[in-house]
**Student:** 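Below is a structure I'd like to ask you about.
Since we're looking at a predicted model, the values are computed, not measured.
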Amino acid sequence: QVQLVESGGGLVQAGGSLRLSCVVSGRSSRYVMGWFRQAPGKEREFVAAIRWSGGSTYYADSVKGRFTISRDNAKNTVYMQMNSLKPEDTGVYYCAARSGTSVYTAFSEYNYWGQGTQVTVSS
């Protein structure tokens with residue numbers, strides 16, 4: 001069983017930065033970790049993913065060049081550094097995990113979810 005706990009959300013002005021953290025317990029090395037977000041009235045959407053083993057990263061086009069996903073094996077933690085934030089980045093951000101090594105952007109492919117952390121970007 002995998003448990004995920006996110007932190008690091010908050011209120012920031014447009015152009016600012018935030019770093020989200022996701023502490024992972026009970027993981028195995030054969031997991032893909034993802035970040036998703038959900039704005040009010042919208043469907044949950046893929047933001048970024050990383051293979052725990054090897055560290056390959058994947059991003060939604062909307063965040064490429066602004067967001068960076070990474071992991072720290074020693075701390076069992078996945079991070080997402082978010083720079084040049086825009087109001088359209090506002091939403092609840094969720095950490096997710098799926099077993100195996102295939103990366104999917106559909107939220108239905110992920111087995112485990114954190115509780116979410118709110119990110120609000122003001123204009």
Side-chain angles (χ1 to χ4, degrees):
Q1 190 75 3
V2 174
Q3 293 183 326
L4 311 174
V5 179
E6 305 102 330
S7 62
L11 173 63
V12 65
Q13 288 188 330
S17 299
L18 285 173
R19 188 177 78 156
L20 305 183
S21 300
C22 174
V23 178
V24 185
S25 60
R27 71 162 180 89
S28 81
S29 61
R30 289 182 59 82
Y31 271 84
V32 170
M33 303 300 302
W35 284 99
F36 288 76
R37 65 187 181 190
Q38 189 165 19
K42 293 189 175 181
E43 195 169 89
R44 194 168 297 189
E45 65 172 357
F46 171 80
V47 177
I50 185 168
R51 286 199 178 94
W52 199 282
S53 176
S56 303
T57 58
Y58 306 83
Y59 297 93
D61 288 343
S62 59
V63 306
K64 277 181 184 175
R66 300 189 298 122
F67 291 11
T68 303
I69 188 172
S70 62
R71 87 266 191 257
D72 184 326
N73 289 342
K75 295 183 178 180
N76 286 352
T77 302
V78 176
Y79 301 99
M80 187 158 71
Q81 178 66 43
M82 305 186 296
N83 298 328
S84 302
L85 283 161
K86 304 175 181 180
E88 51 263 44
D89 293 319
T90 294
V92 179
Y93 282 69
Y94 296 91
C95 180
R98 69 177 308 278
S99 56
T101 58
S102 297
V103 176
Y104 292 91
T105 59
F107 66 83
S108 57
E109 295 289 344
Y110 289 75
N111 312 98
Y112 306 101
W113 292 86
Q115 81 286 356
T117 185
Q118 176 71 45
V119 171
T120 303
V121 184
S122 63
S123 56

**Student:** Identify the two heavy atoms, one from Tyr59 and one from Ala48, that lie closest to each other, and give their separation to 0.1 Å.
**Tutor:**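 Residues Tyr59 and Ala48, closest heavy atoms: CD2-CB, 3.7 Å.
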**Student:** Could you check Tyr104, Trp35, Phe36 and say which one makes a side chain to side chain contact (heavy atoms under 4.5 Å, CB included) with Phe46?
**Tutor:**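 Only match with Phe46 under side chain to side chain contact (heavy atoms under 4.5 Å, CB included): Phe36.
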**Student:** Less than 6.0 angstrom separating the ring centers of Tyr94 and Phe107, yes or no?
**Tutor:**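 No; Phe107 has its ring centre 6.0 Å or more from that of Tyr94.
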**Student:** Provide the closest heavy-atom pair for Val103 versus Tyr110 in the form atom of the first, atom of the second, distance.
**Tutor:**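 Heavy atoms only, the tightest pair is CG1-OH, 4.5 Å.
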**Student:** From Met82 CE over to Arg19 CZ, what is the distance, rounded to the nearest 0.5 angstrom?
**Tutor:**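 Between atom CE of Met82 and atom CZ of Arg19 there are 11.5 Å.
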**Student:** Apply side chain to side chain contact (heavy atoms under 4.5 Å, CB included) to Asn73 and Trp52, showing your working.
**Tutor:** CA-CA 8 Å; Asn73 289 342; Trp52 199 282; 2.8 Å; yes
**Student:** Roughly how far, to the nearest 0.5 Å, is the OG atom of Ser7 from the OH atom of Tyr93?
**Tutor:**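 Result: 15.0 Å between the selected atoms.
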**Student:** Please report the shortest heavy-atom distance between Ala14 and Ser123, naming the atom on each side.
**Tutor:**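 Heavy-atom minimum between the residues: CB-CA, 4.4 Å.
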**Student:** Any chance CD of Gln115 has more than 12 other-residue heavy atoms, nucleotides or ligands included, within less than 6.0 Å?
**Tutor:**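 Result for CD/Gln115: enclosed.
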**Student:** Is there a path of hydrophobic side-chain contacts, each under 4.5 Å between heavy atoms of I, L, V, M, F, W or Y residues, that connects Leu4 with Val23?
**Tutor:**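 Result: no, two separate clusters.
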**Student:** Is there a path of hydrophobic side-chain contacts, each under 4.5 Å between heavy atoms of I/L/V/M/F/W/Y residues, joining Ile69 to Val119?
**Tutor:**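 Linked within one cluster.
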**Student:** For Arg71 and Tyr31: C-alpha separation, side-chain torsions, deciding distance, then whether side chain to side chain contact (heavy atoms under 4.5 Å, CB included) applies.
**Tutor:** CA-CA 12 Å; Arg71 87 266 191 257; Tyr31 271 84; over 6 Å; no
**Student:** Of all heavy-atom pairs between Gln118 and Gly91, which one has the smallest distance, and what is that distance?
**Tutor:**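 Taking Gln118 first and Gly91 second, the nearest heavy atoms are NE2-O, 3.5 Å.
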**Student:** Between Val2 and Met33, is there a shared hydrophobic cluster once you connect ILVMFWY residues whose side-chain heavy atoms come closer than 4.5 Å?
**Tutor:**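 Linked, Val2 and Met33 end up in one cluster.
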**Student:** Can you give me the closest heavy-atom contact between Asn83 and Ser17, atom names plus distance?
**Tutor:**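 Looks like OD1-OG, 2.9 Å.
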**Student:** Listing request: all salt bridge (Lys or Arg N to Asp or Glu O under 4.0 Å) pairs with a residue in residues 75-86, at least two apart in sequence or in separate chains.
**Tutor:**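 For residues 75-86: none.
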**Student:** Roughly how far apart are Arg30 CZ and Ser53 OG, rounded to 0.5 Å?
**Tutor:**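 One finds 8.0 Å between CZ of Arg30 and OG of Ser53.
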**Student:** Treat each ILVMFWY residue as a node, draw an edge where side-chain heavy atoms are under 4.5 Å apart, and state whether Val47 and Leu85 are in one component.
**Tutor:**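 Val47 and Leu85: one cluster.
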**Student:** Do you know which of Thr90, Val63, Val92, Leu20 makes side chain to side chain contact (heavy atoms under 4.5 Å, CB included) with Arg37?
**Tutor:**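 Considering Thr90, Val63, Val92, Leu20, a side chain to side chain contact (heavy atoms under 4.5 Å, CB included) with Arg37 is found only for Val63.
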**Student:** According to salt bridge (Lys or Arg N to Asp or Glu O under 4.0 Å), does anything in residues 93-113 pair up with another residue at least two apart or in another chain? List the pairs.
**Tutor:**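 Sorted pair list: Arg98-Glu109.
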**Student:** Name the one of Leu11, Thr120, Val12, Thr117 that satisfies side chain to side chain contact (heavy atoms under 4.5 Å, CB included) with Leu18?
**Tutor:**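 Answer to the side chain to side chain contact (heavy atoms under 4.5 Å, CB included) test with Leu18 among Leu11, Thr120, Val12, Thr117: Val12.
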**Student:** Between atom OH of Tyr79 and atom CD of Gln81, what is the distance when rounded to the nearest 0.5 Å?
**Tutor:**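 Rounded to the nearest 0.5 Å, the OH-CD separation comes to 11.5 Å.
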**Student:** Can you sort out the partners of Lys42 under side-chain contact (heavy atoms from CB on, under 4.5 Å), two or more places apart, ordered by chain and number?
**Tutor:**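 Residues passing side-chain contact (heavy atoms from CB on, under 4.5 Å) with Lys42: Ala39.
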**Student:** Apply side chain to side chain contact (heavy atoms under 4.5 Å, CB included) to Phe67 and Asp89, showing your working.
**Tutor:** CA-CA 11 Å; Phe67 291 11; Asp89 293 319; 3.9 Å; yes
**Student:** For Gln3, does the CD atom have more than 12 heavy-atom neighbours from other residues, nucleotides or ligands under 6.0 Å away?
**Tutor:**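 Atom CD in Gln3 is not packed in, count stays at 12 or less.
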**Student:** Within this structure, what is the CD-SG distance for the pair Glu6 and Cys22, rounded to the nearest 0.5 Å?
**Tutor:**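 Here the interatomic distance stands at 5.5 Å.
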**Student:** Quick one: pull up OG1 in Thr101 and CZ in Arg51 and give me the separation to the nearest 0.5 Å.
**Tutor:**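 Reported to 0.5 Å precision, the distance equals 5.5 Å.
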